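To start, the structure under review is shown below, and the notes come after it.
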Amino acid sequence: MAPAKPTGRAISQQAFDEMVKENIDDLGMEPTEALTDAIETLTLQGVDLSGIITTTLPGETNPVIQSLDRIKQLQISDWTDEAVADQALGLLDNLAALSRVEGSGNAAIATRNGGVELMCCICSKLGRHSALVSALNALAAFLHDLQSTETFRQNGGPKMVVHILRDGIQDVNILNSGFSVVAAAATGNEVLKESFMDLHIDELIVSIMRKHSKGSIPSLYDAIRVLLTADDNRVVASQVYGYARQFAKAGIAEALVESLEDGISSPSLVSATIALKAVAVNDEICRSVAENGGIDSLLICIDDSGVQGNKVVAKACCSLLTKLAGSDYNKSAIVERGGLNRLITLSSRLADDPSVLQEVMSIICSLCLRSPQTAALAMEAGAGELAIQAMRKFPQAFQLQKNSCLMIRNLVARNPENRSILLSNGIEKIIRNAKENHKSCRGAATDALRDLGLENYNS
(Lines give C-alpha, C1' and ligand atoms only; values in the text may rest on other atoms or scores of the structure.)
Protein backbone atom coordinates (compact mmCIF):
# COMPACT_ATOMS: atom_id res chain seq x y z
CA MET A 1 0.00 0.00 0.00
CA ALA A 2 1.45 3.32 -1.05
CA PRO A 3 1.37 6.20 1.40
CA ALA A 4 -1.17 8.93 0.89
CA LYS A 5 0.06 11.60 -1.49
CA PRO A 6 -0.37 15.24 -0.57
CA THR A 7 -2.69 17.16 -2.86
CA GLY A 8 -0.33 20.17 -3.04
CA ARG A 9 2.21 22.26 -1.18
CA ALA A 10 1.43 22.60 2.51
CA ILE A 11 1.22 25.70 4.70
CA SER A 12 0.73 26.07 8.43
CA GLN A 13 -2.09 28.02 10.01
CA GLN A 14 0.48 30.37 11.54
CA ALA A 15 2.09 31.09 8.18
CA PHE A 16 -1.31 31.78 6.60
CA ASP A 17 -2.30 34.13 9.41
CA GLU A 18 1.02 35.97 9.12
CA MET A 19 0.48 36.43 5.39
CA VAL A 20 -2.93 37.99 6.01
CA LYS A 21 -1.47 40.23 8.71
CA GLU A 22 1.30 41.40 6.37
CA ASN A 23 -1.31 42.32 3.76
CA ILE A 24 -3.01 44.47 6.38
CA ASP A 25 0.07 46.00 8.04
CA ASP A 26 2.47 46.35 5.12
CA LEU A 27 0.13 46.80 2.14
CA GLY A 28 -2.66 48.67 3.89
CA MET A 29 -5.38 46.29 2.77
CA GLU A 30 -8.74 46.09 4.45
CA PRO A 31 -9.06 42.87 6.55
CA THR A 32 -11.51 41.18 4.18
CA GLU A 33 -9.42 42.16 1.15
CA ALA A 34 -6.26 40.88 2.87
CA LEU A 35 -7.89 37.54 3.56
CA THR A 36 -9.17 37.16 -0.01
CA ASP A 37 -5.80 38.13 -1.49
CA ALA A 38 -3.96 35.55 0.64
CA ILE A 39 -6.35 32.81 -0.43
CA GLU A 40 -6.11 33.69 -4.12
CA THR A 41 -2.31 34.03 -4.07
CA LEU A 42 -1.73 30.71 -2.33
CA THR A 43 -4.28 28.90 -4.51
CA LEU A 44 -2.50 30.13 -7.66
CA GLN A 45 0.77 28.83 -6.20
CA GLY A 46 -0.74 25.38 -5.78
CA VAL A 47 -0.80 25.48 -1.99
CA ASP A 48 -3.20 23.03 -0.31
CA LEU A 49 -5.44 25.09 1.98
CA SER A 50 -7.56 22.21 3.24
CA GLY A 51 -7.73 22.37 7.00
CA ILE A 52 -6.58 25.98 7.06
CA ILE A 53 -9.01 28.43 8.64
CA THR A 54 -9.72 30.87 5.81
CA THR A 55 -13.10 32.21 6.93
CA THR A 56 -11.97 34.20 9.94
CA LEU A 57 -9.34 36.88 10.34
CA PRO A 58 -6.23 36.36 12.52
CA GLY A 59 -7.19 36.80 16.14
CA GLU A 60 -10.84 35.87 15.57
CA THR A 61 -12.14 32.61 17.00
CA ASN A 62 -13.20 29.83 14.65
CA PRO A 63 -16.25 27.93 15.98
CA VAL A 64 -14.73 24.51 15.19
CA ILE A 65 -11.50 25.31 17.04
CA GLN A 66 -13.48 26.87 19.87
CA SER A 67 -15.60 23.73 20.31
CA LEU A 68 -12.59 21.40 20.11
CA ASP A 69 -10.71 23.43 22.73
CA ARG A 70 -13.67 23.42 25.08
CA ILE A 71 -14.13 19.65 24.75
CA LYS A 72 -10.44 19.16 25.52
CA GLN A 73 -10.94 21.18 28.68
CA LEU A 74 -13.98 19.08 29.62
CA GLN A 75 -11.98 15.87 29.39
CA ILE A 76 -10.76 16.36 32.96
CA SER A 77 -14.29 17.04 34.21
CA ASP A 78 -16.81 14.54 35.56
CA TRP A 79 -19.11 13.70 32.66
CA THR A 80 -21.57 12.05 35.02
CA ASP A 81 -22.39 15.56 36.21
CA GLU A 82 -25.57 16.61 34.38
CA ALA A 83 -24.37 20.15 33.62
CA VAL A 84 -21.06 18.87 32.18
CA ALA A 85 -22.84 16.21 30.15
CA ASP A 86 -25.28 18.73 28.69
CA GLN A 87 -22.45 21.05 27.69
CA ALA A 88 -20.48 18.20 26.14
CA LEU A 89 -23.54 17.04 24.17
CA GLY A 90 -24.10 20.54 22.80
CA LEU A 91 -20.48 20.92 21.76
CA LEU A 92 -20.31 17.51 20.10
CA ASP A 93 -23.57 18.01 18.22
CA ASN A 94 -22.41 21.44 17.10
CA LEU A 95 -19.12 20.00 15.83
CA ALA A 96 -20.93 17.33 13.84
CA ALA A 97 -23.30 19.90 12.34
CA LEU A 98 -20.49 22.32 11.45
CA SER A 99 -18.44 19.56 9.82
CA ARG A 100 -21.34 18.48 7.60
CA VAL A 101 -21.84 21.95 6.09
CA GLU A 102 -20.99 21.38 2.44
CA GLY A 103 -18.10 23.46 1.16
CA SER A 104 -17.25 24.85 4.58
CA GLY A 105 -13.99 22.95 5.01
CA ASN A 106 -14.88 22.49 8.68
CA ALA A 107 -14.22 18.75 8.67
CA ALA A 108 -10.69 19.40 7.37
CA ILE A 109 -10.16 22.09 10.01
CA ALA A 110 -11.24 19.68 12.73
CA THR A 111 -8.98 16.95 11.37
CA ARG A 112 -5.99 19.26 11.09
CA ASN A 113 -6.46 20.39 14.68
CA GLY A 114 -6.61 16.97 16.32
CA GLY A 115 -10.34 16.33 16.05
CA VAL A 116 -10.06 12.68 15.02
CA GLU A 117 -7.62 11.83 17.81
CA LEU A 118 -9.80 13.65 20.34
CA MET A 119 -12.99 11.86 19.29
CA CYS A 120 -11.28 8.47 19.30
CA CYS A 121 -10.07 9.14 22.84
CA ILE A 122 -13.49 10.32 24.03
CA CYS A 123 -15.41 7.46 22.40
CA SER A 124 -13.09 4.87 23.92
CA LYS A 125 -13.71 6.26 27.41
CA LEU A 126 -17.42 7.04 27.39
CA GLY A 127 -18.82 3.52 27.64
CA ARG A 128 -22.63 3.74 27.46
CA HIS A 129 -22.67 7.42 28.39
CA SER A 130 -25.43 9.51 26.82
CA ALA A 131 -22.83 11.55 24.93
CA LEU A 132 -21.46 8.51 23.08
CA VAL A 133 -23.87 8.81 20.15
CA SER A 134 -22.98 12.48 19.69
CA ALA A 135 -19.25 11.71 19.88
CA LEU A 136 -19.60 8.98 17.25
CA ASN A 137 -21.57 11.33 15.00
CA ALA A 138 -18.85 13.95 15.29
CA LEU A 139 -16.18 11.36 14.52
CA ALA A 140 -18.05 10.20 11.43
CA ALA A 141 -18.36 13.80 10.24
CA PHE A 142 -14.60 14.33 10.65
CA LEU A 143 -13.68 11.28 8.52
CA HIS A 144 -13.80 12.90 5.09
CA ASP A 145 -10.55 11.98 3.31
CA LEU A 146 -7.60 9.58 3.32
CA GLN A 147 -5.61 11.62 5.82
CA SER A 148 -8.44 11.63 8.36
CA THR A 149 -9.17 7.91 7.95
CA GLU A 150 -5.48 7.07 8.33
CA THR A 151 -5.40 9.08 11.55
CA PHE A 152 -8.43 7.09 12.70
CA ARG A 153 -6.61 3.83 11.93
CA GLN A 154 -3.42 4.90 13.67
CA ASN A 155 -5.42 5.73 16.81
CA GLY A 156 -6.94 2.25 17.05
CA GLY A 157 -10.25 3.36 15.56
CA PRO A 158 -11.45 0.06 14.06
CA LYS A 159 -11.02 -1.98 17.25
CA MET A 160 -12.56 0.81 19.33
CA VAL A 161 -15.66 1.12 17.13
CA VAL A 162 -16.23 -2.63 16.84
CA HIS A 163 -15.98 -2.88 20.64
CA ILE A 164 -18.59 -0.12 20.97
CA LEU A 165 -20.88 -1.92 18.50
CA ARG A 166 -20.59 -5.21 20.38
CA ASP A 167 -21.09 -3.56 23.76
CA GLY A 168 -24.04 -1.49 22.55
CA ILE A 169 -25.71 -4.22 20.53
CA GLN A 170 -29.10 -3.55 22.14
CA ASP A 171 -29.08 0.21 21.45
CA VAL A 172 -30.09 1.13 17.88
CA ASN A 173 -28.87 4.71 18.29
CA ILE A 174 -25.37 3.62 19.26
CA LEU A 175 -25.39 1.05 16.45
CA ASN A 176 -26.54 3.54 13.84
CA SER A 177 -23.90 6.11 14.85
CA GLY A 178 -21.24 3.42 15.12
CA PHE A 179 -21.90 2.07 11.64
CA SER A 180 -21.83 5.62 10.26
CA VAL A 181 -18.22 5.74 11.54
CA VAL A 182 -17.47 2.38 9.88
CA ALA A 183 -18.85 3.61 6.56
CA ALA A 184 -16.99 6.92 6.71
CA ALA A 185 -13.71 5.31 7.79
CA ALA A 186 -13.71 2.52 5.19
CA THR A 187 -14.59 4.80 2.27
CA GLY A 188 -11.57 4.92 -0.05
CA ASN A 189 -9.35 3.06 2.40
CA GLU A 190 -8.57 -0.57 1.61
CA VAL A 191 -6.49 -1.03 4.77
CA LEU A 192 -9.44 -0.07 6.96
CA LYS A 193 -11.77 -2.40 5.08
CA GLU A 194 -9.32 -5.19 5.87
CA SER A 195 -9.08 -4.10 9.51
CA PHE A 196 -12.84 -4.24 9.97
CA MET A 197 -13.07 -7.62 8.23
CA ASP A 198 -10.26 -9.00 10.42
CA LEU A 199 -12.43 -7.97 13.39
CA HIS A 200 -15.28 -10.12 11.97
CA ILE A 201 -17.57 -7.19 11.36
CA ASP A 202 -19.45 -9.32 8.80
CA GLU A 203 -20.59 -11.75 11.48
CA LEU A 204 -21.44 -8.86 13.81
CA ILE A 205 -23.57 -7.17 11.15
CA VAL A 206 -25.56 -10.33 10.42
CA SER A 207 -26.08 -10.90 14.14
CA ILE A 208 -27.34 -7.34 14.59
CA MET A 209 -29.69 -7.61 11.60
CA ARG A 210 -31.24 -10.73 13.10
CA LYS A 211 -31.65 -9.05 16.46
CA HIS A 212 -33.23 -5.74 15.40
CA SER A 213 -36.22 -4.84 13.28
CA LYS A 214 -35.59 -4.32 9.59
CA GLY A 215 -34.54 -0.80 8.67
CA SER A 216 -34.01 0.38 12.25
CA ILE A 217 -30.28 0.96 11.63
CA PRO A 218 -29.96 2.83 8.29
CA SER A 219 -26.18 3.31 8.37
CA LEU A 220 -25.64 -0.44 8.66
CA TYR A 221 -26.52 -0.79 4.96
CA ASP A 222 -24.07 1.98 4.11
CA ALA A 223 -21.35 0.13 5.99
CA ILE A 224 -22.00 -3.07 4.01
CA ARG A 225 -21.89 -1.20 0.71
CA VAL A 226 -18.66 0.64 1.54
CA LEU A 227 -16.88 -2.44 2.86
CA LEU A 228 -17.66 -4.24 -0.42
CA THR A 229 -16.79 -1.39 -2.81
CA ALA A 230 -13.36 -1.24 -4.46
CA ASP A 231 -12.78 2.52 -4.13
CA ASP A 232 -9.15 2.88 -3.04
CA ASN A 233 -7.09 3.92 -6.08
CA ARG A 234 -3.84 3.13 -4.25
CA VAL A 235 -4.34 -0.63 -4.71
CA VAL A 236 -4.20 -2.59 -7.96
CA ALA A 237 -6.43 -5.43 -6.80
CA SER A 238 -9.00 -4.91 -4.06
CA GLN A 239 -9.99 -7.75 -1.74
CA VAL A 240 -13.67 -6.81 -1.70
CA TYR A 241 -14.70 -9.85 -3.79
CA GLY A 242 -13.37 -12.10 -1.04
CA TYR A 243 -15.05 -9.95 1.60
CA ALA A 244 -18.40 -10.36 -0.19
CA ARG A 245 -17.98 -14.13 -0.05
CA GLN A 246 -17.21 -13.88 3.68
CA PHE A 247 -20.37 -11.83 4.17
CA ALA A 248 -22.34 -14.43 2.23
CA LYS A 249 -21.02 -17.27 4.38
CA ALA A 250 -22.11 -15.34 7.46
CA GLY A 251 -25.68 -15.24 6.09
CA ILE A 252 -25.92 -11.67 4.83
CA ALA A 253 -27.91 -12.53 1.70
CA GLU A 254 -30.76 -14.03 3.72
CA ALA A 255 -30.72 -11.11 6.15
CA LEU A 256 -30.82 -8.53 3.36
CA VAL A 257 -33.59 -10.35 1.50
CA GLU A 258 -35.67 -10.08 4.66
CA SER A 259 -35.12 -6.31 4.46
CA LEU A 260 -36.86 -6.34 1.07
CA GLU A 261 -39.98 -8.04 2.34
CA ASP A 262 -41.58 -4.89 3.76
CA GLY A 263 -41.72 -3.63 0.22
CA ILE A 264 -41.91 -0.09 -1.07
CA SER A 265 -43.11 1.26 2.27
CA SER A 266 -39.79 0.43 3.93
CA PRO A 267 -37.48 3.46 4.34
CA SER A 268 -34.47 1.16 4.05
CA LEU A 269 -35.54 -0.53 0.80
CA VAL A 270 -33.20 1.38 -1.51
CA SER A 271 -30.25 1.02 0.89
CA ALA A 272 -30.92 -2.71 1.22
CA THR A 273 -30.99 -3.23 -2.56
CA ILE A 274 -27.70 -1.34 -2.97
CA ALA A 275 -26.09 -3.41 -0.20
CA LEU A 276 -27.40 -6.66 -1.67
CA LYS A 277 -26.06 -5.71 -5.09
CA ALA A 278 -22.60 -5.26 -3.54
CA VAL A 279 -22.87 -8.73 -1.92
CA ALA A 280 -24.04 -10.57 -5.06
CA VAL A 281 -20.63 -11.15 -6.64
CA ASN A 282 -20.97 -14.72 -7.92
CA ASP A 283 -23.53 -17.22 -9.19
CA GLU A 284 -23.84 -19.00 -5.86
CA ILE A 285 -24.72 -15.84 -3.95
CA CYS A 286 -27.09 -14.61 -6.69
CA ARG A 287 -28.87 -17.93 -6.61
CA SER A 288 -29.16 -17.89 -2.83
CA VAL A 289 -30.95 -14.54 -3.08
CA ALA A 290 -33.57 -16.11 -5.33
CA GLU A 291 -33.88 -19.21 -3.16
CA ASN A 292 -34.63 -16.99 -0.17
CA GLY A 293 -37.41 -15.14 -1.97
CA GLY A 294 -35.41 -12.13 -3.13
CA ILE A 295 -36.66 -12.14 -6.72
CA ASP A 296 -40.29 -12.41 -5.63
CA SER A 297 -39.85 -9.43 -3.30
CA LEU A 298 -38.03 -7.39 -5.95
CA LEU A 299 -40.69 -7.97 -8.59
CA ILE A 300 -43.40 -6.89 -6.15
CA CYS A 301 -41.41 -3.72 -5.38
CA ILE A 302 -40.99 -3.08 -9.10
CA ASP A 303 -44.75 -3.43 -9.62
CA ASP A 304 -45.53 -1.09 -6.74
CA SER A 305 -42.90 1.48 -7.74
CA GLY A 306 -44.55 1.77 -11.14
CA VAL A 307 -48.01 2.15 -9.67
CA GLN A 308 -46.81 4.82 -7.24
CA GLY A 309 -44.46 6.52 -9.70
CA ASN A 310 -41.47 6.02 -7.41
CA LYS A 311 -38.53 6.31 -9.80
CA VAL A 312 -35.85 6.02 -7.11
CA VAL A 313 -37.15 2.65 -5.92
CA ALA A 314 -37.71 1.48 -9.49
CA LYS A 315 -34.10 2.21 -10.49
CA ALA A 316 -32.65 0.62 -7.36
CA CYS A 317 -34.70 -2.56 -7.69
CA CYS A 318 -34.04 -2.88 -11.41
CA SER A 319 -30.32 -2.38 -10.89
CA LEU A 320 -30.25 -5.22 -8.35
CA LEU A 321 -32.37 -7.42 -10.60
CA THR A 322 -29.88 -6.89 -13.43
CA LYS A 323 -27.09 -8.13 -11.17
CA LEU A 324 -29.12 -11.16 -10.10
CA ALA A 325 -30.02 -11.93 -13.72
CA GLY A 326 -26.37 -12.78 -14.32
CA SER A 327 -27.19 -16.22 -12.91
CA ASP A 328 -28.80 -18.67 -15.36
CA TYR A 329 -30.91 -20.08 -12.53
CA ASN A 330 -32.23 -16.62 -11.78
CA LYS A 331 -32.93 -15.87 -15.43
CA SER A 332 -35.47 -18.70 -15.48
CA ALA A 333 -36.92 -17.65 -12.14
CA ILE A 334 -37.48 -14.06 -13.34
CA VAL A 335 -39.11 -15.15 -16.61
CA GLU A 336 -41.28 -17.78 -14.90
CA ARG A 337 -42.64 -15.12 -12.55
CA GLY A 338 -43.77 -12.94 -15.43
CA GLY A 339 -40.77 -10.67 -15.10
CA LEU A 340 -40.69 -9.62 -18.76
CA ASN A 341 -44.26 -8.35 -18.81
CA ARG A 342 -43.83 -6.70 -15.42
CA LEU A 343 -40.74 -4.85 -16.63
CA ILE A 344 -42.48 -3.66 -19.79
CA THR A 345 -45.41 -2.49 -17.65
CA LEU A 346 -42.98 -0.55 -15.44
CA SER A 347 -41.43 1.09 -18.50
CA SER A 348 -44.84 2.22 -19.73
CA ARG A 349 -45.70 3.70 -16.34
CA LEU A 350 -42.37 5.54 -16.03
CA ALA A 351 -41.86 6.22 -19.72
CA ASP A 352 -40.69 9.78 -19.05
CA ASP A 353 -37.55 8.73 -17.16
CA PRO A 354 -34.69 7.44 -19.36
CA SER A 355 -32.71 6.28 -16.32
CA VAL A 356 -35.49 3.82 -15.45
CA LEU A 357 -35.90 2.67 -19.07
CA GLN A 358 -32.18 1.96 -19.43
CA GLU A 359 -32.27 -0.22 -16.31
CA VAL A 360 -35.24 -2.16 -17.71
CA MET A 361 -33.37 -2.75 -20.96
CA SER A 362 -30.28 -3.87 -19.07
CA ILE A 363 -32.29 -6.59 -17.32
CA ILE A 364 -33.97 -7.76 -20.53
CA CYS A 365 -30.57 -7.81 -22.23
CA SER A 366 -29.24 -10.15 -19.53
CA LEU A 367 -32.33 -12.35 -19.63
CA CYS A 368 -32.08 -12.82 -23.42
CA LEU A 369 -28.37 -13.65 -23.51
CA ARG A 370 -27.93 -17.04 -25.21
CA SER A 371 -31.65 -17.70 -24.76
CA PRO A 372 -33.68 -17.57 -28.00
CA GLN A 373 -36.81 -18.68 -26.16
CA THR A 374 -36.58 -15.72 -23.77
CA ALA A 375 -35.80 -13.37 -26.66
CA ALA A 376 -39.01 -14.49 -28.35
CA LEU A 377 -40.99 -13.90 -25.16
CA ALA A 378 -39.37 -10.49 -24.73
CA MET A 379 -40.42 -9.43 -28.23
CA GLU A 380 -43.96 -10.61 -27.52
CA ALA A 381 -43.97 -8.58 -24.31
CA GLY A 382 -42.93 -5.44 -26.21
CA ALA A 383 -39.17 -5.14 -25.72
CA GLY A 384 -38.57 -4.24 -29.37
CA GLU A 385 -41.20 -1.51 -29.31
CA LEU A 386 -39.73 -0.23 -26.03
CA ALA A 387 -36.31 0.18 -27.66
CA ILE A 388 -37.69 1.98 -30.70
CA GLN A 389 -39.84 4.41 -28.72
CA ALA A 390 -37.22 5.12 -26.06
CA MET A 391 -34.39 5.69 -28.54
CA ARG A 392 -36.55 8.08 -30.54
CA LYS A 393 -37.76 9.93 -27.44
CA PHE A 394 -34.37 10.33 -25.74
CA PRO A 395 -31.74 10.68 -28.48
CA GLN A 396 -29.27 12.43 -26.13
CA ALA A 397 -29.47 9.83 -23.33
CA PHE A 398 -26.27 7.99 -24.28
CA GLN A 399 -26.54 5.20 -21.69
CA LEU A 400 -30.12 4.48 -22.73
CA GLN A 401 -29.01 4.42 -26.37
CA LYS A 402 -26.19 2.01 -25.55
CA ASN A 403 -28.37 -0.29 -23.42
CA SER A 404 -30.96 -0.32 -26.21
CA CYS A 405 -28.34 -1.44 -28.73
CA LEU A 406 -27.10 -4.16 -26.39
CA MET A 407 -30.65 -5.41 -25.80
CA ILE A 408 -31.48 -5.37 -29.51
CA ARG A 409 -28.41 -7.46 -30.23
CA ASN A 410 -29.54 -10.16 -27.79
CA LEU A 411 -33.10 -10.00 -29.13
CA VAL A 412 -31.96 -10.82 -32.66
CA ALA A 413 -28.67 -12.74 -32.35
CA ARG A 414 -30.39 -16.16 -32.28
CA ASN A 415 -33.84 -15.09 -33.42
CA PRO A 416 -33.80 -14.17 -37.12
CA GLU A 417 -37.56 -13.70 -37.03
CA ASN A 418 -37.08 -10.71 -34.74
CA ARG A 419 -34.77 -8.99 -37.21
CA SER A 420 -37.41 -8.34 -39.84
CA ILE A 421 -39.83 -7.01 -37.23
CA LEU A 422 -37.35 -4.47 -35.92
CA LEU A 423 -35.99 -3.49 -39.33
CA SER A 424 -39.50 -2.91 -40.71
CA ASN A 425 -40.07 -0.50 -37.83
CA GLY A 426 -37.04 1.64 -38.67
CA ILE A 427 -34.54 0.39 -36.11
CA GLU A 428 -31.57 0.65 -38.49
CA LYS A 429 -31.76 4.42 -38.80
CA ILE A 430 -32.25 4.85 -35.06
CA ILE A 431 -29.18 2.72 -34.26
CA ARG A 432 -27.05 4.53 -36.84
CA ASN A 433 -28.02 7.85 -35.30
CA ALA A 434 -26.93 6.57 -31.88
CA LYS A 435 -23.65 5.34 -33.36
CA GLU A 436 -22.98 8.70 -34.98
CA ASN A 437 -23.99 10.87 -32.02
CA HIS A 438 -22.48 8.95 -29.10
CA LYS A 439 -18.92 7.66 -29.03
CA SER A 440 -19.76 5.33 -26.15
CA CYS A 441 -22.44 3.65 -28.27
CA ARG A 442 -20.30 2.83 -31.29
CA GLY A 443 -19.28 -0.67 -30.29
CA ALA A 444 -22.75 -1.72 -29.13
CA ALA A 445 -24.38 -0.12 -32.19
CA THR A 446 -22.00 -1.86 -34.59
CA ASP A 447 -22.70 -5.24 -32.99
CA ALA A 448 -26.46 -4.64 -33.11
CA LEU A 449 -26.32 -3.70 -36.81
CA ARG A 450 -24.22 -6.78 -37.57
CA ASP A 451 -26.57 -9.14 -35.76
CA LEU A 452 -29.53 -7.53 -37.51
CA GLY A 453 -27.95 -8.97 -40.66
CA LEU A 454 -26.83 -5.70 -42.23
CA GLU A 455 -23.74 -5.99 -44.39
CA ASN A 456 -22.56 -2.42 -43.96
CA TYR A 457 -22.65 -2.56 -40.18
CA ASN A 458 -19.19 -0.98 -39.86
CA SER A 459 -20.06 2.17 -41.76
Side-chain angles (χ1 to χ4, degrees), residues 3-24 31-75 87-123 131 133-155 157 161 177 180-181 183-185 187-189 192:
K5 294 181 180 179
T7 56
R9 293 165 52 198
I11 188 174
S12 68
Q13 184 69 54
Q14 181 181 356
F16 177 82
D17 291 345
E18 288 175 354
M19 184 174 181
V20 176
K21 191 173 185 301
E22 286 174 4
N23 282 346
I24 297 171
T32 303
E33 181 188 7
L35 187 64
T36 302
D37 179 81
I39 294 170
E40 291 177 352
T41 300
L42 292 170
T43 300
L44 287 172
Q45 293 174 359
V47 176
D48 180 12
L49 294 178
S50 60
I52 296 297
I53 301 169
T54 59
T55 56
T56 56
L57 294 168
E60 294 181 349
T61 303
N62 178 274
V64 173
I65 302 299
Q66 188 176 34
S67 295
L68 287 173
D69 288 344
R70 183 59 187 139
I71 290 173
K72 290 174 185 176
Q73 293 169 3
L74 287 177
Q75 279 188 288
Q87 186 179 3
L89 277 169
L91 290 165
L92 291 166
D93 290 340
N94 185 52
L95 273 173
L98 287 170
S99 298
R100 292 194 178 100
V101 176
E102 190 173 350
S104 67
N106 287 334
I109 291 171
T111 299
R112 187 154 183 159
N113 288 275
V116 173
E117 296 94 326
L118 178 61
M119 289 305 117
C120 284
C121 180
I122 288 174
C123 289
V133 169
S134 295
L136 289 168
N137 290 339
L139 178 56
F142 291 170
L143 299 173
H144 68 287
D145 63 1
L146 187 59
Q147 179 184 351
S148 58
T149 58
E150 279 296 295
T151 302
F152 171 80
R153 183 183 65 82
Q154 292 162 7
N155 282 268
V161 171
S177 296
S180 69
V181 174
T187 298
N189 196 316
L192 278 169

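Just so you know, residue 1 is the first one in the sequence shown, and it goes up from there. What you see is a predicted model; the values in this text were computed from it and never measured.
Within the model, atoms CD1 of I71 and CD of Q75 stand 9.0 Å from one another, a figure rounded to the nearest 0.5 Å. Atom-to-atom distance recorded for S67:OG and N113:CG is 12.0 Å, nearest 0.5 angstrom. The line from OG1 of T151 to CZ of F142 is 12.0 Å long, rounded to the nearest 0.5 Å. We find the CD-CG distance between Q66 and L95 to be 10.5 Å, quoted to the nearest 0.5 Å. One finds the NE2 atom of H144 at 4.5 Å from the OG1 atom of T111 (value rounded to the nearest 0.5 Å).
A distance-only check finds no donor-acceptor pair linking the side chain of N155 to the backbone of C120 [under 3.5 Å]. Judged by distance alone, the side chain of N94 and the main-chain N or O of G90 form no donor-acceptor pair under 3.5 Å. Side-chain N or O atoms of T149 include none that pairs as donor or acceptor with a backbone N or O of L143 at under 3.5 Å.
The shortest non-hydrogen separation linking M119 to A138 is SD-CB, 3.9 Å. The two residues L92 and A135 make their nearest non-hydrogen contact at CD1-N, 3.9 Å. Considering every non-hydrogen atom in both N106 and L98, the closest pair reads ND2-O, 2.9 Å. Looking at every heavy atom in both residues, R70 comes nearest to L91 through CG-CD1, 3.4 Å. Nearest heavy atoms, S134 versus L89: OG-CD2, 3.3 Å. Heavy atoms only, all atoms of each residue included: V101 and S104 are closest at O-OG, 2.7 Å.
Proximity of F152 to V181: side-chain heavy atoms (C-beta onward) are separated by under 4.5 Å at one or more points. A 4.5 Å side-chain heavy-atom check between I109 and N62 finds at least one atom pair inside the cut-off.
Under the side-chain contact (heavy atoms from CB on, under 4.5 Å) criterion, R100 pairs with A96, N137, A141, not counting sequence neighbours.
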